[in-house]
Each structure stands twice: as structure tokens, then as C-alpha cells.
Amino acid sequence: MLVLFPMQEQSDDSSEDEAAGDVDMDFMRNLFSSALGLSSAEKVLDELTLDGVARYINSGKCKNIICMVGAGISTSAGIPDFRSPETGLYANLQKYNLPYPEAIFQIDYFKKHPEPFFALARELYPGQFKPTICHYFMKMLKDKGILRRCYTQNIDTLERVAGLEGDDLIEAHGTFYTSHCVSFCCRKEYSLEWMKEKIFSDDIPKCDKCSSLVKPDIVFFGENLPARFFTSMKMDFPRCDLLIVMGTSLQVQPFASLVSRYCSSTFTFLSDLFGFGEGMDFDSDKAYRDVAHISTCDDGCLALADLLGWKVSYMSPFKDAVLSGGSVSASLWEEEQERILIHI
């Protein structure tokens, strides 16, 4: 599903430091104003449809798009998501004899039993999969000069493979792109190539300097998110005029709370529709900005690209396709009915 949330146009006159200092106060002010019925919602879209979103983007008023993405944008590349009942990653970890599925990503368990994680990493290691249409759609936003940032929960590095660079990305749950020694006294850094060689030679990666374990820089349970996640959101979300959420049900905090960061003149709660979290209103009498497009993530991007008049060549693992609203090999994505959201 594709959901779009337009925001009121914001001034570019204020500095980044001012935005960082005011964002929390602005959020609380908007929250209480809405709760007390004091706010006056300004409608940015001429209609709450994908067509309305496309017209908004093409108007030239939409200059700072943020994408929030999760595992659902990579399932059509062959990478399983985490929580699907039968096909998800957690449902297929019995062979590793874990005490519970999430243990494979628990830092304390990893330090004692690293073998299951590295066996899984060998199956899912970056370089074995190709980016999807969603990834290339975000690269298109960058090429058009309107992508402010992509906030991703994924660790597969496919955003980088598609052409997004370090400054374009906030890899909220870390990345395989670099690795570090787990010893606080060492913390030596290792490259993607070094880690790949170790993993595919069936070696448990150990530090050349102190012989401690070396772990890819993905965020395990029990570890903090990267500091850049928190500093960047204070700069980015006050300026966001279109938030696109794709392939995530927004169940994991603190990533899910980002949706509330850009609240302008109203604050609404959505607890049961599509399983999404608070901050979205698609169909109440007060709805004024949020758009849901229900389809696969790839098809949603194709539909929006077509409405925008954007056409970009894309090489799928199965056939050539064109990133437009046309029909693209139904067999390629029909099995993965994932979500795309766009929040303005």
C-alpha cells in the first residue's frame, strides 16, 4: 500500500539549528492544539488520491520528500520480511535451535552464540539480491532533487545498490556496509568485503587486533540506534513536505514515532487500519492530508511514477521493465502484497 501525507509549505529561512531546537516544542504545541480543537487544518492536496499527490509533486511546491521504508520494499527482491506468519524470517529459524526467534538478533545471545547469526547472514548477505522498483523510485526522487532523506529499517543495503549514498540515508537499524569489533576497548572497523570473506569461508569473524568477535554494524536488540538517526530527524522532519512510507507496518519503535514528528496542524490516531500506528487519518470526516494506495509496494511506485510522467529503465531479475504505471509482469510481484504509504 502507498500512503502519502502532504505537509503545509514551510519557510526555508530558519537555520538548521533553529529547526533542531524548536521541533519538540512545535510537535507538542500542535498536539495540544489539535486535542483542544484549536487548530485549523490547511488542505495541501486538491484531492486525497494518488492523482492529487502527483499534482502536488508536479506543482513544484514539494521540495523535501522523506521516505520511510521497511522490509516490505525488499520482499520482491527475494528477501523475506520478519513477521509474516509462514514466510517471514522469524517463522523459519527452527534449524538454528534458538531459544526464541528474536534471540538471533539479541546482542547478549550473539556474544555467547554467534554461529546462528552468521549462518543466517550467509543466506541473506548483501550482493546476492537486486534492488526493487521501490528502491529505484527513491533514486528517481533523488535525481529530481526532491528527496531530502530516506529513513530505512532495512539492513540489506539495497538502497545503496540502487544509487542512494551515505548522506541520502538514515539506516536506522544499522547496515552490513561496515563492521566493528565488539570490544569497547578496541572497536576496530572492518569493510563489507572483509566481512563477506569471513562469512563465506565459514569462519566466525574475529578481530585481527584483539581476537574479539566482529559484528556487522546492524542494530541488535539491546543496542542503541545510531546517533545520526536522532540528530537527523530533528533537522529533516520540520522541513518535510511529503512523507512516503513503504513496506512497514510501523510497529517498531522508535522508528514508528517518526510519523508524528512532522505533525503540522492536526494530530490524529490510527490504531487498527492496516495495522499502522498513530498519526494517520485516511477516511474520517476530519481527514485532510493522508492518502492510502493499496497495492504491492512496486505497483504503487509504478502507478505514482506514471501519474508523474516519469519513466526510468529498470532491470529486474526476471525481465526488463519500465518504471511507469504500465502493467509489469504480474507473476513477478503478485505473491507479495506489501504496503506503501505516502504521508504529506
Asks: So, taking the atom named SG in Cys297 and the one named CG in Asp299, what distance separates them when rounded to the nearest 0.5 Å?
Replies: 9.5 Å
Asks: Closest approach of Ile107 and Glu223, non-hydrogen atoms and distance?
Replies: CD1-OE2, 3.8 Å
Asks: Between Ser191 and Trp194, is there a donor-acceptor pair closer than 3.5 Å when you use the side chain of the first and the backbone of the second?
Replies: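 Yes.
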Asks: Please find the pair of heavy atoms, one from Val214 and one from Phe118, that lie closest to each other, and give the distance.
Replies: O-CZ, 3.4 Å
Asks: So do Leu169 and Arg160 actually touch side chain to side chain, heavy atoms under 4.5 Å?
Replies: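 Arg160 reaches Leu169 side chain to side chain.
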Asks: Kindly confirm or rule out a cation-pi arrangement of Lys215 over Phe220, judged by NZ or CZ under 6.0 Å from the six-membered ring centre and within 45° of its axis?
Replies: yes
Asks: Looking at side-chain heavy atoms only, is the closest gap between Leu258 and Met68 below 4.5 Å?
Replies: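 With C-beta onward as the side chain, the pair touches.
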Asks: Measuring only between side-chain heavy atoms, which start at C-beta, is Asp143 closer than 4.5 Å to Trp310?
Replies: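 No, every pair of side-chain atoms sits at 4.5 Å or beyond.
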Asks: Can you find a pair of side-chain heavy atoms, one from Thr296 and one from Ser76, that are under 4.5 Å apart?
Replies: no
Asks: Apply the test side chain to side chain contact (heavy atoms under 4.5 Å, CB included) to residues Lys196 and Phe176: give CA-CA distance (whole Å), side-chain angles for both, the deciding distance (0.1 Å), then the verdict.
Replies: CA-CA 9 Å; Lys196 181 177 181 179; Phe176 270 98; over 6 Å; no
Asks: Evaluate Gln153 against Thr248 for side chain to side chain contact (heavy atoms under 4.5 Å, CB included), listing each step before the verdict.
Replies: CA-CA 9 Å; Gln153 294 175 288; Thr248 173; 2.9 Å; yes
Asks: With a 6.0 Å cut-off on the ring centroids, do Tyr151 and Phe237 count as close?
Replies: yes
Asks: So, for Ala54 and Leu308, which heavy atoms are closest and what is the spacing to 0.1 Å?
Replies: O-CD2, 3.5 Å
Asks: Can you name the nearest heavy-atom pair linking Leu147 to Leu164, along with the distance?
Replies: CD2-CD2, 3.9 Å
Asks: Of all residues at least two apart in sequence or in a different chain, which pass the side-chain contact (heavy atoms from CB on, under 4.5 Å) check with Ser183?
Replies: Cys181, Cys185, Cys186, Cys210, Ser212
Asks: Examine distances only and state if a side-chain atom of Ser74 and a backbone atom of Ala77 form a donor-acceptor pair shorter than 3.5 Å.
Replies: no
Asks: What I want to find out is whether Glu159 reaches Lys142 closely enough, with some N-O distance under 4.0 Å, to be called a salt bridge.
Replies: no
Asks: Picking from Leu141, Ile146, Asp241, what satisfies side-chain contact (heavy atoms from CB on, under 4.5 Å) with Ile57?
Replies: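 Exactly one pass, corresponding to Ile146.
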Asks: Donor-acceptor pair, Thr132 side chain versus Ile73 backbone, under 3.5 Å?
Replies: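 Present.
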Asks: Do Asp46 side-chain atoms and Gly52 backbone N/O form a donor-acceptor pair below 3.5 Å?
Replies: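 No; judged by distance alone, with no hydrogens or angles, the pair does not exist.
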Asks: Can I get a per-line list of side-chain donor-acceptor pairs under 3.5 Å for residues 202-209, giving both atom names and the distance, sequence neighbours left out?
Replies:
unit_1: Asp202; atom_1: OD1; unit_2: Arg122; atom_2: NH1; d: 3.2
unit_1: Asp203; atom_1: OD2; unit_2: Ser201; atom_2: OG; d: 3.2

Asks: Is there a donor-acceptor pair closer than 3.5 Å between any side-chain N or O of Asp168 and the backbone N or O of Glu165?
Replies: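 Side chain of Asp168 to backbone of Glu165, a donor-acceptor pair under 3.5 Å: yes, one is there.
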Asks: Just by modelled atom types, is the Ala71 backbone N or O under 3.5 Å from a matching donor or acceptor in the Asn154 side chain?
Replies: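 Indeed, once roles are kept as given, a pair shorter than 3.5 Å links the two residues.
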Asks: Please round to the nearest 0.5 Å and tell me the distance separating atom SG of Cys62 and atom NZ of Lys144.
Replies: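 Those atoms lie 13.5 Å apart.
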Asks: Is the shortest heavy-atom distance from the side chain of Met138 to the side chain of Met246 under 4.5 Å?
Replies: yes
Asks: Would you mind reporting whether His173 and Phe229 have side-chain heavy atoms less than 4.5 Å apart?
Replies: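 With C-beta onward as the side chain, the pair stays apart.
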Asks: Which atom pairs, donor and acceptor, lie under 3.5 Å between side-chain atoms of residues 110-117 and protein residues at least two apart or in another chain?
Replies:
none

Asks: Using 0.5 Å steps for rounding, measure from the NE2 atom of His180 to the CE atom of Met195.
Replies: 10.5 Å
Asks: Would you say Glu47 has more than 12 foreign heavy atoms packed within less than 6.0 Å of its CD?
Replies: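 Result for CD/Glu47: enclosed.
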Asks: For a quick test of reading the model, state the closest non-hydrogen atom pair linking Gly300 to Leu50 and the distance between them.
Replies: O-CD2, 4.5 Å
Asks: Could you check whether Ser179 and Glu189, counting side-chain N and O atoms only, form a donor-acceptor pair closer than 3.5 Å?
Replies: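 No pair is found: no donor N or O on one side chain lies under 3.5 Å from an acceptor on the other.
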Asks: I want to check something: taking the side chain as every heavy atom from C-beta on, are Tyr190 and Lys188 in contact at a cut-off of under 4.5 Å?
Replies: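 Yes. Closest side-chain heavy atoms under 4.5 Å.
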Asks: Given the rule in the side chain to side chain contact (heavy atoms under 4.5 Å, CB included) test, do Ile133 and Leu302 qualify, once you have shown the distances and angles that lead to the verdict?
Replies: CA-CA 8 Å; Ile133 284 178; Leu302 289 170; 3.7 Å; yes
Asks: Would you indicate whether the side-chain heavy atoms of Ile170 and Thr152 approach each other to under 4.5 Å?
Replies: no
Asks: Testing the basics here: between Asn58 and Leu307, what is the closest heavy-atom pair and its distance to 0.1 Å?
Replies: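 Here Asn58 and Leu307 meet closest at ND2-O, 4.1 Å.
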Asks: Would the distance check show the side chain of Arg149 and the main-chain N or O of Asp167 forming a donor-acceptor pair, the cut-off being under 3.5 Å?
Replies: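 Flag set: sc Arg149 to bb Asp167 pair under 3.5 Å.
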Asks: Passes side chain to side chain contact (heavy atoms under 4.5 Å, CB included), Val53 versus Leu45? Steps please.
Replies: CA-CA 7 Å; Val53 172; Leu45 299 182; 3.9 Å; yes
Asks: Starting at CZ of Phe255, measure out to CG of Leu225 and round the result to the nearest 0.5 Å.
Replies: 9.5 Å
Asks: Is a side-chain N or O of Asp217 found less than 3.5 angstrom from the main chain of Thr175, in a donor-acceptor match?
Replies: no
